[in-house]
Amino acid sequence: MYCGNESFTAEEMRYLKLLSNQYKNINSAATEIINLKAILNLPKGTEHFVSDIHGEAESFSHVLRNASGVIKNHISSIFGGSLRESEKKALATLIYYPERKLEQMIEQETDLEDWYKITLNRLVKICKVVSSKYTRSKVRKALPKEFAYIIEELLHENSGSMDKEMYYTEIIHTIIDLDQADRFIVALCNLIQRLSIDQLHVIGDIYDRGPNAAQIMDILSRYHSVDIQWGNHDIAWMGAAAGCQALICNVLRIQTRYANLDTIEEDYGINLLPLATFAMEKYADDPCDQFAPKGDEVLSDKDFKMIAKMHKAISIMQWKMEAQIIKRHPEFRMENRLLLDKINFEKGTIMIDGKEYVMNDMNFPTVDPKDPYALTEEEQTVMEKVKSSFVNSEKLQEHIRVLYTKGSMYTIFNSNLLFHGGIPMNDDGTLKTVTFRGKKYCGKEYLDAVERAVREGYFNKPHTESKRECMDIIWYMWCGEDSPLFGKKKMTTFERYFIDDKATHKEVSNPYYSLRNEEATCKRVLAAFGLNPETSHIVNGHVPVKVSKGESPIKANGRLFVIDGGFAKAYQKVTGIAGYTLIYNSHGMILVSHEPFVSTDVAIAEEKDILSSTVALQYTQDRILVRDTDIGRKLQDSINELEKLLYAYQNGIIKEQ
């Protein structure tokens, strides 16, 4: 309780008078203090961490629906041996996919009314458990409006009281009699999903490789509470949406590489006909073998050849557009990425770092050896049309706004530091000082400065020099040496396409990626971001954990978790699994690995959940309460201010309203 003297500063008085407009008297201030103090003693909500989703909407959606096994664990805990394993699987599948599972059960069940009664009672029991750590007010806000009153009554039913037993039984019977059971079951299942996870953290790379990034963005835009840490693939799309031509080319190059043109054309309505027409004409007789699309999608011979030609055409345009940025910014120190002018067109070779290499493809119909970085008139026309489609796509701009609204370079949440890539670092483990826009930064200050520039590159007025500079910076974040999102000396995309000698393909990582194995390094990073290095953690994505080669996702004596385990199918041969997720609840941290997800259809028809395994546990001796969290600290600040207001009321300093 506040025990100060009667003198408040002028600033404090202004604030307390504003606060008194909300809490107009002693009773309202005291009631709120009581409420907030009670909340401090509830268990903390469950946080769910995912990373590097890369367009795999089906598996991502399933992991959200099952909360990385949290819901299945609740079912086992609540019903124990009272249900057969088959019944538990059926109940779990119903909660994950209520509409579709109901269709199946209606066809299969011989006594549907009895099934409804049993199922509704079971779902209410699960709802009670998942809602128990929240205030009634918070649960009430999560309830579906049409059934809010009924669900609230059922959630607070006292199973030991005979007085209301008939009342609650009659509610269930009436729901069934009025043919509302299906809708009520769907509402309960969605509520269980909603209450199982309090906060979702997405540690970057929503886009590229997989086919359904737009669906993932739709899910995230509707999700009740989410933060996003930008990944290098996300930043490429953010720059493309802002109109950066080099990143527009890069986005299209990756989409053609993985034959994911539906994302571009159908989801975002971007017209690729100008590019396709141009590519088919310029590369008519070129098999474009090095640009053959990858992935599992079955393509017709005609589509396969067309996409390969589009892939090559946009790649050449990308290197030309990137050269313009590199030449505008000598401070980027990326002259070694200017390679088109290093080609010897007579010998069929290229000079890189003083060494000559034979090229596997010498068909460059749009490259003038005398001015290799100039766009042809046709390329310029294609570029202008495609850029117009990107910046005017309503759906794309809507999704990119979600990334800006809910996203950032890094997040600090409940003593965990979340970022996608790494922190630029020197070989000795000290944080690297980077010159950025004429000033020197390192660590947190550098990431803050980068984030400001990224936002300016999107939101600044068009056609200004400042906007163009910031769009160039967004491109640098995709592939620059000191980018926290990339973290390598150089990106060897050109070499991978045109040079067979794999020595040229090597990309040397920033020292951070080896030094993060050391606890001292992680503690240094945590301290630089203002966190307690003894109790805090780093959560990373970006670099897939090669589980099949024995690599561990847990680094630095448990101080750092890497949760990029291969959501993207393109990575699963390397990682050996299909992704890590992290759960942080009131008992501690649980790292979970997942086997590949077959399909939603199989999950429903065969009641086949993702096979998930607990990799590591960091349980606390005492249960973590709201008072121990960031939200708890904010609530305590509010309590302190309200206690001052209460003191002011009680001592006649401020008059009740």
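We count residues from 1, following the sequence as given.
In this pair, W230 and Y404 present their aromatic rings perpendicular. The plane angle is above 60°, beyond the 30 to 60° band. Using a 30° and 60° split on the angle between ring planes, H54 and H233 fall in the perpendicular class, above 60°.
Using a 4.5 Å heavy-atom cutoff, the side chains of R559 and H537 are in contact. Between Q104 and Y97, the closest side-chain pair of non-hydrogen atoms is not below 4.5 Å. A heavy-atom distance below 4.5 Å is not found between the side chains of Y168 and V124. Proximity of L560 to V525: side-chain heavy atoms (C-beta onward) are nowhere separated by under 4.5 Å. Using a 4.5 Å cut-off on side-chain heavy atoms (C-beta onward), L102 and V186 make contact. A 4.5 Å side-chain heavy-atom check between E87 and L91 finds every atom pair outside the cut-off. Between D234 and H420, the closest side-chain pair of non-hydrogen atoms is not below 4.5 Å. In this structure, the side chains of K406 and D227 stay at 4.5 Å or more apart for every pair of heavy atoms.
Annotation: ring-ring contact (aromatic ring centres under 6.0 Å, His included) contacts involving residues 112-152, sequence neighbours excluded, comprise F147-F184. Listed by first then second residue, pairs satisfying salt bridge (Lys or Arg N to Asp or Glu O under 4.0 Å) with a partner in residues 621-631 read D630-R633, not counting sequence neighbours. The salt bridge (Lys or Arg N to Asp or Glu O under 4.0 Å) analysis of residues 88-97, with sequence neighbours excluded, yields the pairs E85-K88. Among pairs with a residue in residues 518-529, those fulfilling salt bridge (Lys or Arg N to Asp or Glu O under 4.0 Å) read E519-K523, K523-E534, at least two apart in sequence or across chains. Within the structure, every pair that satisfies the salt bridge (Lys or Arg N to Asp or Glu O under 4.0 Å) test and touches residues 95-113, not counting sequence neighbours, is listed here: R100-D601, K101-E607.
Checking T46, I71, L64 one by one against I197, the side chain to side chain contact (heavy atoms under 4.5 Å, CB included) holds for a single residue, T46. Exactly one residue among Y223, Y410, F413, Y584 makes a ring-ring contact (aromatic ring centres under 6.0 Å, His included) with H201. That residue is F413.
Distance check: N517 CG to N557 CG gives 12.0 Å after rounding to the nearest 0.5 Å. Taking OG1 from T405 and CG from L220, the interatomic distance works out to 12.5 Å, rounded to the nearest 0.5 Å. From D52, atom CG reaches atom CG of D208 across 11.5 Å, with rounding to the nearest 0.5 Å. In this structure, T521 OG1 and I423 CD1 are separated by 12.0 Å, a value rounded to the nearest 0.5 Å. Once rounded to the nearest 0.5 Å, the distance linking OG of S131 with CD1 of I126 reads 11.5 Å. Atom OG of S586 sits about 4.5 Å away from atom NZ of K133, to the nearest 0.5 Å.
Contact detail for G421 and Y512: the closest heavy-atom pair is O-CE2, 3.7 Å. Contact record, I192 with C127: CG1-SG, 3.5 Å, taken as the closest heavy-atom pair. Counting all heavy atoms, side chain and backbone alike, I172 lies closest to L154 at CD1-CD1, 4.2 Å. Here the closest non-hydrogen pair linking T629 and V626 is OG1-O, 2.7 Å. The two residues I151 and A187 come nearest to each other via the heavy atoms CD1-CB, 4.5 Å. What you find for L40 and L625 is that their closest heavy atoms are O-CB, 3.7 Å.
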Chi angles and distances behind the side chain to side chain contact (heavy atoms under 4.5 Å, CB included) call for K117, I176: CA-CA 8 Å; K117 184 173 66 174; I176 297 168; 4.1 Å; yes
Go through the steps for Y268 and T263 under the test side chain to side chain contact (heavy atoms under 4.5 Å, CB included), then give the verdict. CA-CA 6 Å; Y268 290 137; T263 300; 4.0 Å; yes
- Task: Would you please test S415 and N532 for side chain to side chain contact (heavy atoms under 4.5 Å, CB included) and show each step?
- Result: CA-CA 8 Å; S415 295; N532 183 341; over 6 Å; no
After noting the C-alpha distance and the side-chain angles of N540 and I203, does the key distance pass the side chain to side chain contact (heavy atoms under 4.5 Å, CB included) rule? CA-CA 7 Å; N540 252 177; I203 321 291; 5.8 Å; no
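Listed for the Y580 side chain is no donor-acceptor partner under 3.5 Å among the backbone atoms of L591. With Q255 contributing its side chain and L261 its backbone, the two residues share no donor-acceptor pair below 3.5 Å. Not one N or O on the side chain of S76 forms a donor-acceptor pair closer than 3.5 Å with the backbone of N73. Checking side-chain atoms of E451 against main-chain N and O of M409 turns up a donor-acceptor pair under 3.5 Å. At distances below 3.5 Å, not a single donor-acceptor pair connects side-chain atoms of S61 with backbone N or O atoms of E58. A donor-acceptor pair under 3.5 Å links the side-chain atoms of N585 to the main chain of G588, judged by distance alone.
Side-chain polar atoms of H224 and D198 form no donor-acceptor pair below 3.5 angstrom.
Residue Q108 qualifies as enclosed at atom CD: its count of foreign heavy atoms under 6.0 Å is above 12. Atom CD1 of I624 has more than 12 heavy atoms from other residues, nucleotides or ligands within 6.0 Å.
Taking the six-membered ring for Trp and the full ring otherwise, the centers of F419 and H542 sit at least 6.0 Å from each other.
Evaluation of the ring pair (Phe, Tyr, Trp, His ring centres under 6.0 Å) rule for H48 yields no partner, not counting sequence neighbours.
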